[in-house]
Amino acid sequence: MRSLVGLFAVVAAASLYLYTLSLYLPAGPRRRALPAAPGTDSEHVESVKHQPSDPTEDEPSRLKFPSDLEELRDLAELLQFYKTEHTGYVLLLFCSAYLYKQSFAIPGSSFLNILAGAIFGPYQGLLLACVLTTVGSTMCFLLSQAFGKQYIVNLFPDKVSTLQRKVEDNQDCLFFFLLFLRFFPMTPNWFLNMSAPIVNIPITFFFCSVFIGLLPYNFICVQTGVMLSEVSSLDDLFSWERLLQLLAIACMALLPGALIRRFSQRCLKLDIQTQNGLVTDKKVK
């Protein structure tokens, strides 16, 4: 009971911090007033100058986690607008929101990866996505270790025992087994994050496997965000430059997975035979 109270206290404190941070949204950058053209009525210029230069100055902006692509695009435009003069605040807000979702295993991190590409670009966005995914997953690992072991075992006894058996079978090459689970997830990432301390996975192996194993996924999401922020029509989407970018993304995503899969067939003990999309219990070496 004490562990449950402690977990609720951590969630409440983190939620209060994130809510407070979103309330102190700074004033958006103002556009410079255009000079009056010769012969323009001064009263008309004065009235235009006092009009709000952007919709965000007229009414308060509401920040919330995006649930679809339309909300994602609107949020990206809003944060890009604020980023021009408040880069530090936007970065702090994005990192806090990402760690909040990742630490408490809340679905929707793919939207934030796409948002990272749209706001921060392909290189900074990818670095942010990889670091925040790894740090957030490690925080979820530590929260589970401190508060949730008993509850996770009680809620998912079969899944935990299956993962425990596979970890024991692959102790000699545990790191590559963890990479395989990230590239070809036989169990959801959120469950792997929470159950890792229960099945005695070292935190160093866990940290490195998350950073490397989710790199292709983060790369795809960030590049998608970059393209969404740059594409304004279907002609832009089907240009040769975009098609080459999509080809590079596909190669980046498939190559590491193919290498890990080839290694796993030689060295790992895995249940890889599937029937109707379900994994069976047949072992191979």
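What you see below is based on every heavy atom in this structure, not just the backbone, and it leaves out hydrogens, waters and symmetry mates. None of the values given here were measured: they were computed from a predicted structure.
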Straight-line distance of [X] [atom1] to [Y] [atom2], nearest 0.5 Å:
X: Asn189; Y: Gln102; atom1: CG; atom2: CD; answer: 8.0 Å
X: Ile220; Y: Ser110; atom1: CD1; atom2: OG; answer: 11.5 Å
X: Phe207; Y: Thr138; atom1: CZ; atom2: OG1; answer: 5.0 Å
X: Asn218; Y: Gln223; atom1: CG; atom2: CD; answer: 11.5 Å
X: Arg182; Y: Ser137; atom1: CZ; atom2: OG; answer: 5.5 Å
X: Ile201; Y: Ser195; atom1: CD1; atom2: OG; answer: 6.5 Å

Within the distance-only criterion (no hydrogens, no angle test), does the side chain of [X] pair as donor or acceptor with the backbone N or O of [Y] below 3.5 angstrom?
X: Tyr89; Y: Tyr82; value: no
X: Gln80; Y: Ala118; value: yes
X: Ser144; Y: Phe141; value: no

Check your understanding: Is the number of heavy atoms from other residues, nucleotides or ligands under 6.0 Å of Asp172 CG greater than 12?
Key ->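 Count not over threshold, so no.
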Review point. Do you know the tightest heavy-atom contact between Ser22 and Tyr19?
Key: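 Ser22 and Tyr19 have their closest heavy atoms at OG-O, 2.7 Å.
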Point to revise | Glu71: side chain to side chain contact (heavy atoms under 4.5 Å, CB included) partners, not counting sequence neighbours | key: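 By the side chain to side chain contact (heavy atoms under 4.5 Å, CB included) rule, Glu71 matches Lys64, Pro66, Ser67, Asp68.
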Practice item. List the steps and the verdict of side chain to side chain contact (heavy atoms under 4.5 Å, CB included) for Ile114 and Val226. Key: CA-CA 8 Å; Ile114 296 174; Val226 172; over 6 Å; no
**Study point:** Where at least one partner belongs to residues 198-217, residue pairs that pass side-chain hydrogen bond (donor to acceptor under 3.5 Å, both in side chains), sequence neighbours excluded
**Key:**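 Every pair satisfying side-chain hydrogen bond (donor to acceptor under 3.5 Å, both in side chains) with a residue in residues 198-217: there are none.
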Check your understanding: In chain order, what residues pass the side-chain hydrogen bond (donor to acceptor under 3.5 Å, both in side chains) check against Tyr98, with sequence neighbours excluded?
Key ->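 side-chain hydrogen bond (donor to acceptor under 3.5 Å, both in side chains) check on Tyr98 returns Asn113, Thr133.
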Apply ring pair (Phe, Tyr, Trp, His ring centres under 6.0 Å) to [X] and list each qualifying residue two or more places apart in sequence or on a separate chain.
X: Phe191; result: Phe156
X: Phe211; result: none
X: Tyr100; result: Phe104

**Study point:** From CA spacing to verdict: side chain to side chain contact (heavy atoms under 4.5 Å, CB included), Ile106, Phe65
**Key:** CA-CA 11 Å; Ile106 302 174; Phe65 289 112; over 6 Å; no
Exercise for review: Using a 4.5 Å cut-off on heavy atoms from C-beta on, say whether the side chain of Phe94 contacts that of Leu132.
Suggested key: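 The answer is yes, as the side chains (C-beta and beyond) meet within the 4.5 Å cut-off.
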Point to revise | Check against side chain to side chain contact (heavy atoms under 4.5 Å, CB included), Cys130 and Leu214 | key: CA-CA 7 Å; Cys130 291; Leu214 293 181; over 6 Å; no
Practice item. Using the ring of Phe177 (Phe, Tyr or Trp, six-membered ring only), decide whether Lys166 places NZ or CZ under 6.0 Å from its centre and within 45 degrees of its axis. Key: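 Because its charged atom misses either the 6.0 Å distance or the 45° angle limit, Lys166 does not stack over Phe177.
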Exercise for review: Give me the one residue out of Val222, Val90, Leu126 that meets side-chain contact (heavy atoms from CB on, under 4.5 Å) with Phe120.
Suggested key: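 Checked Val222, Val90, Leu126 against Phe120; only one passes side-chain contact (heavy atoms from CB on, under 4.5 Å): Val90.
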Exercise for review: Evaluate side chain to side chain contact (heavy atoms under 4.5 Å, CB included) for Leu178 paired with Val167, printing each intermediate quantity in order.
Suggested key: CA-CA 9 Å; Leu178 295 176; Val167 169; 5.6 Å; no
